[in-house]
Amino acid sequence: MNKFWIALFATVPIMAIAFFLIGMSKGNGLWLPVNITSIGEEIDHLFWVILALTGVTFFGVEAVFIWFLIKYGGDKNPGKGIYSHGNPKLETIWTIIPAGILVFLALYQYDTWKDAKFKVNAPSQDQPVHARVTGGQFEWRLTYPGADGQLDTADDLEQVNVLHVVKNEPTRLQLRSRDVLHSFFIPAARLKQDLVPGMPNQQMWFTVIHTDDDPSQADVHEIACAELCGWGHYKMRGFLKVHETREQFEAWFQDALAKQNATTEDLGLPE
Amino acid sequence: MTTASPALDHGHASPHADDHGHPRTFIGKYIFSRDHKVIGIQFLITVFFTLALGGLLALGVRWQLAYPWKPFPILGELLWPESGGVMPAEFYPMLTTMHASVMIFLVVIPALTGAFGNFVIPLQIGARDMAFPTMNMLSYWFMWPALAFFGMSFFVEGGAAASGWTSYAPLSTVSQAAPGSMAGQTYWLYGLLCVGISSLLGSINYITTIVKLRTKGMKFFRMPMTTWSLFITAILQAFALPVLTAALIFQVLDREMGTAFFLPTDLSINNESAGIGGGHPLLWQHMFWFYSHPAVYIMILPAMGVVSDILCTFARKPLFGYKPMVLAICGIAGLGFIVWGHHMFQSGMNPALGMTFMTSTMLIALPSAVKTFNWLGTLWGSKIQWTTPMLNALSFVSMFVIGGLSGLFMAATTVDIFIHDTYFIVAHIHYVLFGGSLFGFFGGLYYWFPKMFGRQMSEFWGKVHFLGSFIFFNLVFFPMHILGMGGFPRRYADPYWFDTWKETLGMNRMMTVCAIFLGLWQIILVLNFVLSLFMGRKTDGNPWRSNSLEWMTPKVTPGHGNWGEKTPEVFRGPFEYGAPGCEDDGYLPQTAPPVSASESHG
Ligand SMILES: [Cu+2]
Ligand SMILES: [Cu+2]
């Protein structure tokens, strides 16, 4: 029976490997999705660093654990173990080494974190934001400043759920909430930021650097809400559409603006 | 010191021998009992019910993730006849909210600090009872209004609370924001306030008892790890709870009295003004996590203590690095107060604070690592006995490794940007609280059952229960890591209408099937528990040949006052297995008189 239990505990690392292999081979929701941004590359790199460090630690600990089970668990005779209260030298070593690794891990995150979240590092701050994202139960509203570069003016373009950006251009967004908390989550950009009512100038920025080589692909990626916002939380599905060039974006923009103006006139609403 | 209270009597020539002058009616003895052992058992039995409730709620969540918008088996027709048994979308967040709330506040905390804390502490330190027996009784009875509030909330207008167990404002505070934020949220708040009172009464009691009522020779550094961990946990509770209590009251006021602690200016929800405002939603998060991060340690530290005791008993070895282990617990408790912001990296909190909180969070992994290494050190050179408590304790160690390491991914602010609020955190918390705390609870239950009832639980069925729980647990929760790496969001009633996640349905079905088995498998535990009460093998007072004091009571199941004429005297630490002068299997109880001259001075 002892062997049976040892084998059971030995299945844990095997199971871990199995699930990771399943995830990596299937992709599609079971592993990191495609990444399209430069900041996403940095984040993925840090993910792999932590995965490597924790992986080595995990298998090391499991190996020692199972080795001890085999070595000291096979004997049926009751008896006493070695009379030892510890080993201060050993304990000092296994305190200092992980401490070093952990501090390194923390420090190693700093630069990417600053790039991703410190407003002073946001690109093109002298220029207007690319768009404003307003979360509300249960949709995303996108407001683009028109030709005047100002939000909340008559030439703004209002859209629902689809955010259009341009490849290789630093894109800065203003995020705000219309009601409760939401979280603007673009898995393919590896980015997420909560939208907080009362904090109308949250920001997110990124540069899309990858698009699909296959021109038939539309380069559309999903946007999700990551902060519980009510019963329809799961319904806040949005899209990120990447345009290869500024011209393509402008063409879409003018077209959308014309459509918007047409409907406004139809309804007889003031501009 | 006067001996007005029996509990405060250290008991040299006590007038307080077993079993006289105490309540003899059924109600006095078993219902409104002030005996710590009865209260511990009351907590234990209550936890079986709440565990079943929390598990059922979890299966509701799992059903929806495996068979979205399909009629819920058996209960569906009863609950939602108008939709043919399909759960409405509004119900799903109630399930996740109440599952977590029940499991955290009505299962794990009462199981470890309530049941074991009450039963074990006085016995392990040689006290006759808790310092304040009446307060102790109240701490149990405050669980019931909590349970009643949670239970009733399902039947009020709008249904149960649905803003997550974290109850983030303003979703939770503005009644038009969600159906569950009508009356249900208020019930949730009242329920939690009751849990808080219960915890506070318990923790004051534990601290006082441990500081004041240790028997002769029971120095602090001769206490078993269970008592040590519960001691530190109680201190943690006592200092963290007031902040949660204040936050809960603020939220009640925001909801009922029109204050605006958590409400920003000029907010309107569903085209209706939410109130004047002037407050801030992040204030709630800060206050909530100031308690709820330490709460994670409140839920895991006692299990660590229980597991340390069990490992030593069945390894027949002293604990490797006893004092460092105690220091590690203190370290976790201390650092536990300055890491709460790691839940708020993406919340809009100043990102510079994120860096501080990341650094402190990385450091708190250190004492956890030290503990794991020390458990491995305890196994080194041991003589492992494969009993049911030992299997559960070993499983704790191997699951805690996973739960600890996965925490690093979220502690790293940058990686957390991606995996925050995905199934990665769900995997992490379940490896810590189920793989850790619940397996620790199972281990402790099998371990102390003979002291509670004088009989042993069936080892055979105990092992069958362990085997299934271990396998199904891993099959349910390990895949959540890879789902999380895929960005799979938590609290989604239907993730499958996203292309990114629609192909995870197969994996989710497998997990749900295993979750159902995991739930059903617990019937074995309940049956084993109930049948062993009457049919279990009768034991002597110390079936595991353990050294620590709780096994040295004069009666097999200690009577009122625990210790007969005199409380025992203690001469050594709790884990002196294999010390010079011990018996063949390392047995050398804390109460055995000193065997050498050096020991008598130690
Ligand atoms: Cu949402
Ligand atoms: Cu935390």
Side-chain angles (χ1 to χ4, degrees), chain A residues 2 5 9 12 15 19 23 28-33 43 46-47 50 54 57-58 61 64 68 72-73 78-83 85-86 91 94-95 98-99 102 105-106 109-110 112-113 117-118 179-181 187 190-194 196-199 202 222 224 226 228 230-231 233-234 237, chain B residues 89-90 164 168 170-171 177-178 264 267 269 281 315-318 320-321 324 346-348 351 358-359 362 365-366 369-370 373 376 379 381-384 386 398 401 405 408-409 412-415 417-418 421 478-479 482 485-487 489 491-494 498 500-501 503-504 578-579 585-586:
Chain A
N2 306 351
W5 297 119
F9 285 113
V12 172
M15 171 204 64
F19 276 116
N28 294 332
L30 294 173
W31 195 252
L32 299 175
I43 291 173
L46 292 166
F47 171 82
I50 299 178
T54 52
T57 314
F58 172 66
V61 169
V64 173
F68 282 175
Y72 304 113
K80 56 189 176 198
I82 295 169
Y83 183 61
H85 289 91
E91 290 172 59
W94 75 37
T95 309
L102 289 165
L105 260 187
Q109 313 285 323
Y110 279 14
T112 306
W113 175 250
K117 296 271 175 170
F118 277 36
D179 40 42
V180 297
L181 297 175
R190 303 291 187 272
L191 287 177
K192 184 181 286 146
Q193 175 61 51
D194 284 10
V196 186
M199 297 176 78
Q202 299 273 73
E222 278 174 320
L228 180 63
W231 69 270
H233 173 46
Y234 69 97
R237 181 191 189 201
Chain B
E90 302 88 72
Y168 278 6
L171 181 64
L267 186 69
I269 295 179
R316 311 310 290 169
K317 259 199 76 190
F320 198 91
Q346 320 310 332
S347 70
M358 162 167 62
T359 313
M362 288 286 180
L366 188 61
V370 167
F373 296 147
L376 291 179
L379 291 176
S382 63
K383 283 273 185 199
I384 295 173
W386 296 91
S398 93
V401 172
L405 290 173
L408 292 182
F409 288 80
T413 46
T414 48
V415 178
I417 303 175
F418 177 58
D421 270 326
F478 199 85
I482 59 169
M485 290 174 197
R491 297 165 172 167
Y492 264 34
D494 187 357
F498 283 77
T500 316
W501 299 302
E503 283 175 52
T504 63
D585 60 354

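These numbers come from the heavy atoms of this one structure, side chains and all, not from hydrogens, waters or symmetry mates. These numbers were taken from a predicted model, which means no experiment stands behind them. So you know, we letter chains A, B, ... as the sequences are listed, proteins then strands, and number each from 1.
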message: Pairing donors with acceptors under 3.5 angstrom, does anything connect the side chains of B/Thr414 and A/Gln109?
response: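 Checked: B/Thr414/A/Gln109 side chains pair up, N/O donor to acceptor below 3.5 Å.
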Which of the residues [options] is involved in the greatest number of heavy-atom pairs with chain A at under 4.5 angstrom?
options	result
B/Gly381, B/Ala178, B/Gly578	B/Gly381
B/Ile482, B/Asp494, B/Asp421	B/Ile482
B/Ser347, B/Gly321, B/Pro351	B/Pro351
B/Pro489, B/Gly487, B/Ala412, B/Pro324	B/Ala412
B/Gly164, B/Gly348, B/Gly586	B/Gly348

Chain A heavy atoms under 4.5 Å from [X]: which part of the residue, side chain, backbone, both or neither?
X	answer
B/Val401	side chain
B/Pro281	side chain
B/Leu171	both

B/Asp585 vs B/Arg316, salt bridge (charged side-chain N to carboxylate O under 4.0 Å, His left out): CA-CA, chis, key distance, verdict: CA-CA 7 Å; B/Asp585 60 354; B/Arg316 311 310 290 169; 3.7 Å; yes
message: Checking B/Glu90 now: which residues fulfil side chain to side chain donor-acceptor pair (under 3.5 Å) with it, not counting sequence neighbours?
response: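 Applying side chain to side chain donor-acceptor pair (under 3.5 Å) to B/Glu90 gives none.
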Validation row, ring centre [X] to ring centre [Y] under 6.0 Å:
X	Y	result
A/Phe19	A/Trp31	no
B/Phe418	A/Phe47	no
B/Phe498	A/Tyr234	no

query: When rounded to the nearest 0.5 angstrom, what distance separates CG in A/Leu30 from CE in B/Met485?
result: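 It is 11.0 Å, given to the nearest 0.5 Å.
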Could you check which of [options] has the highest count of heavy-atom pairs closer than 4.5 Å to chain B?
options	answer
A/Phe68, A/Tyr110, A/Trp113	A/Trp113
A/Thr57, A/Leu181, A/Leu191	A/Leu181
A/Glu222, A/Lys117, A/His233	A/Glu222
A/Phe9, A/Phe58, A/Trp94	A/Trp94
A/Met199, A/Gln193, A/Glu91	A/Glu91
A/Trp231, A/Trp5, A/Phe118	A/Trp5

Please examine the side chains of [Y] and [X], heavy atoms only from C-beta on, and report whether any two atoms are closer than 4.5 Å.
X	Y	answer
A/Thr112	B/Thr413	no
B/Pro170	B/Leu267	yes
B/Trp501	A/Pro187	yes

Segment of A/Gln202 engaging chain B (4.5 angstrom heavy-atom cut-off):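 Just its side chain gets close to chain B.
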